[in-house]
Amino acid sequence: QVQFVESGGGLVQPGGSLRLSCVASGFAFSSSNMRWYRQAPGKERELVAVIDMFGAATDYGDFAKGRFTISRDNNKNTMYLQMNNLTPEDTAMYYCSTPYFPDYWGQGTQVTVSS
C-alpha cells in the first residue's frame, strides 16, 4: 500500500528555518514525480513545490519561491523541503504526495511559526 511518513515540523520563530522529510513506500518512488502540499485551518490546500524523478524542481508556489527548496534522495525513498525565512503565514500542516496516487496521504507534519 502507498504510504507517506512526514516529519521535521515543529514550532519556530519568524525568520527561522525547518527541514521537512517525507519517507515514501509502496510504489516506485524513484520513477515518480513528487509534491509538497500544505493546508492551514480555514484555508484550501496549497501546492508548495514539485520535483521530478531526477531531482529537478519544476514548480514552486509563489509564497515559496526564494525561501523553500525541494529535494529528494531516491536511494532513501525520501523527499525533503528546506524552509527558510519562515513567517506566521507558513503555519500549516505539510503533506507529501505523488500525482500517480493522488488519493493517498500521510498524517502530515505540523509547522507552526509564532508571531
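As the structure is a computational prediction, the values presented were derived from the model and not from experiment. Residue numbers count from 1 along this sequence.
In the hydrophobic clustering of ILVMFWY residues, with side-chain heavy atoms under 4.5 Å counting as a link, Tyr60 and Phe63 come out together. Using a 4.5 Å cut-off between side-chain heavy atoms of Ile, Leu, Val, Met, Phe, Trp and Tyr, with links allowed through other members, Tyr95 and Leu47 fall into the same hydrophobic cluster.
Across every non-hydrogen atom of Gln110 and Thr91, the tightest pair is NE2-CG2, 4.1 Å. Here the closest heavy-atom approach between residue Ser115 and residue Pro88 is recorded as CA-CG, 4.1 Å. The shortest heavy-atom contact between Asn85 and Arg67 is O-NH1, 3.0 Å. Tyr94 and Val48 make their closest contact through CE2-CG2, 4.2 Å (heavy atoms, listed as atom of the first residue, atom of the second, distance). Considering all non-hydrogen atoms of both residues, Ile70 and Ala57 come closest at CG2-CB, 3.6 Å. Taking all atoms of both residues into account, the shortest heavy-atom contact from Ile51 to Met79 is CG2-SD, 3.9 Å.
At least one cation-pi condition fails for Arg72 and Tyr80: the charged atom is not both under 6.0 angstrom from the six-membered ring centre and inside a 45 degree cone around its axis.
Applying the 6.0 Å contact sphere to CD of Gln107 captures no more than 12 heavy atoms from other residues, nucleotides or ligands.
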Inset, instruction - Take Phe4 and Phe27, measure what ring pair (Phe, Tyr, Trp, His ring centres under 6.0 Å) needs, and give me the verdict at the end. - result: CA-CA 10 Å; Phe4 302 105; Phe27 67 101; 5.7 Å; yes

Inset, instruction - Let me see the working for Thr69 and Leu81 under side-chain contact (heavy atoms from CB on, under 4.5 Å), right down to the final yes or no. - result: CA-CA 6 Å; Thr69 302; Leu81 183 69; over 6 Å; no

Inset, instruction - Evaluate the side-chain contact (heavy atoms from CB on, under 4.5 Å) criterion for residues Thr78 and Phe29: first the C-alpha distance (whole Å), next the side-chain angles of each, then the deciding distance (0.1 Å), finally the verdict. - result: CA-CA 8 Å; Thr78 302; Phe29 175 84; 5.7 Å; no

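Residues Gln82 and Ser17 are in side-chain contact: their nearest non-hydrogen atoms beyond the backbone lie under 4.5 Å apart. The shortest side-chain heavy-atom distance between Tyr104 and Gln1 falls under the 4.5 Å cut-off. For the pair Met34/Tyr100, no side-chain contact is recorded, criterion being any heavy-atom separation below 4.5 Å from C-beta on. Looking at Leu20 and Met83, their side chains come closer than 4.5 Å, going by heavy atoms from C-beta outward.
Atoms CD and OG1, from Gln13 and Thr112 in turn, are 13.0 Å apart once rounded to the nearest 0.5 Å. Rounding to the nearest 0.5 Å gives a distance of 11.0 Å between CG of Asn33 and OG of Ser97. Note that OH of Tyr37 is 13.0 Å distant from CD of Glu6, once rounded to the nearest 0.5 Å. Distance CG/Asp73 to OG/Ser30: 11.0 Å, rounded to 0.5 Å. Interatomic distance, OG of Ser32 versus CG of Asn74, reported as 9.0 Å (0.5 Å rounding).
Centroid-to-centroid, the aromatic rings of Phe68 and Trp36 stay 6.0 Å apart or farther.
Ion pairing between Arg38 and Asp90 holds under the 4.0 Å rule for side-chain N and carboxylate O.
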